[in-house]
2 protein chains.
Amino acid sequence: MARIKISKEESRKELIIRSAATLFRKKGFKAASMRSLAEEVGVEASSLYNHIHSKPIILKEICFQVASQFLNEIQKIEESGASTLENVESLIRFHIRQMIENFEKVYVSDREWRYLQEPFLSQFREQRRLYRKRFAQIIQDGIDRGQITQIDPATAVLIMLHAIGGIEAWHRSKNKISGRELEENMVAILINGLKMKI
Amino acid sequence: MARIKISKEESRKELIIRSAATLFRKKGFKAASMRSLAEEVGVEASSLYNHIHSKPIILKEICFQVASQFLNEIQKIEESGASTLENVESLIRFHIRQMIENFEKVYVSDREWRYLQEPFLSQFREQRRLYRKRFAQIIQDGIDRGQITQIDPATAVLIMLHAIGGIEAWHRSKNKISGRELEENMVAILINGLKMKI
DNA sequence: CCTACCGATCGGTAGG
DNA sequence: CCTACCGATCGGTAGG
């Protein structure tokens, strides 16, 4: 019975976090009220606090959940032993798919993290900085091996990540091309942009 | 004397709008309070209302100021008679420079426009939609003429605009490369990504 | 999970 | 341009 209660609590909490992600994306963290979140979930605002600690802690859970997924993936890729350009492509594809399939949380983590409270704000910034550094290192390897054109790796990372963030506009548009087509088009442009000119 | 008074009023208003742009960028529109804006400007909150109508109207002024600059520029480029790839490059360079030199307003117009009130929200969305359509048309011309690789033009626009939005991260980073280098690197990657593979 | 409620802060107005 | 102030809304707590 204790087990059942715990698992119910857990799923309730996750429902709240998922609803919050959608709400934070739509309205922005500051403009999204706990009252509107409660309405979405179907309870009174005060009842939310039986499952979550506070509004900023919800944001923290979203941001760190997403961050750990990307850190796991880059770890796998670094250890893959594939060629650099393949590694860049894998990572880009992972970002694109996350942005398509796990849109609400990824978007919130990308755009609303600045409302994190300390010490989470600093921790998140640091994770982000290290992630980008590792991404830049993969690109640097590609330059060293002559697979990637002579560019500033940090700038390349910046372009990649933000370009992929643009999928937000795709979600909002009518007459979308398919997710598959979107992925192929983005990969084509971005990878082509990195390749050595011959 | 009336003329002097008016010109003083105007510059006071523009000071408020510039301060607001910086504040909206730093805190986000919702989190930025009129009281903190007043503090920045050096008056009491209530005194702001002698120069501006309301908080959302400040946002409107920022967004439409920026939008009209981009609309002017794309107009000039469409009429230039240059080759397609040159047109794309000109437009990208304009975006990059605006993002570097007119950062606060451009960033706010890019990220905070969703807090616009009707009817401005709809008007802004429509201007944006048309702008992107014109940008996509330039790329479509390039594809038709065989200068640009076979990709979805709307996706290409999405990538370009959001990649350039990434300059925000450049502003925030220490150890920046120079603005000039940034521009050249971004142009290199983005234009290279569009070009026909040979 | 709800009712009742709190202190803080918000955008904005009245009046001078 | 300021003092004084308003109603609305916010995140969150007490107590059951």
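For the numbers below, each heavy atom of this structure counts, side chains included, while hydrogens, waters and symmetry mates do not. Lettering follows sequence order; numbering is per chain, from 1.
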For the side chain of A:Trp170 and the backbone of A:Ile177, is there at least one donor-acceptor N/O pair under 3.5 Å apart?
yes
More than 12 heavy atoms from other groups under 6.0 Å of NE2 on A:His53:
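Counting neighbours around NE2 of A:His53, 12 or fewer heavy atoms of other residues, nucleotides or ligands fall under 6.0 Å, so no.
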Quick check on A:Glu78: does its CD atom have over 12 non-hydrogen neighbours (other residues, nucleotides or ligands) under 6.0 Å away?
yes
[X] side-chain N/O to [N] phosphate OP1/OP2 under 4.0 Å:
{"X": "B:Arg35", "N": "C:dG12", "answer": "no"}
{"X": "B:Ser46", "N": "D:dC2", "answer": "no"}
{"X": "B:Ser33", "N": "C:dC10", "answer": "yes"}

Can you tell me the distance, in whole Å, between the [atom1] atom of [X] and the [atom2] atom of [N]?
{"X": "A:Leu48", "N": "C:dC1", "atom1": "CG", "atom2": "P", "result": "9 Å"}
{"X": "B:Tyr49", "N": "C:dC10", "atom1": "OH", "atom2": "P", "result": "11 Å"}
{"X": "B:Asn50", "N": "C:dG12", "atom1": "CG", "atom2": "C1'", "result": "12 Å"}
{"X": "B:Lys55", "N": "C:dT9", "atom1": "NZ", "atom2": "P", "result": "15 Å"}
{"X": "A:Phe29", "N": "D:dC10", "atom1": "CZ", "atom2": "P", "result": "13 Å"}
{"X": "B:Ile52", "N": "C:dG11", "atom1": "CD1", "atom2": "P", "result": "10 Å"}
{"X": "B:Glu44", "N": "D:dA4", "atom1": "CD", "atom2": "P", "result": "11 Å"}
{"X": "A:Glu39", "N": "D:dG11", "atom1": "CD", "atom2": "P", "result": "13 Å"}

Distance only, no hydrogens: is a donor on one side chain within 3.5 Å (strictly under) of an acceptor on the other, for A:Glu181 and A:Asn185?
no
Looking at every strand, decide which applies to A:Ala32 at a 4.0 Å heavy-atom threshold: base, sugar-phosphate, or nothing.
sugar-phosphate
Which nucleotide, if any, forms a Watson-Crick or G-U wobble pair with C:dG16, using both distances under 3.5 Å?
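Base-paired to D:dC1.
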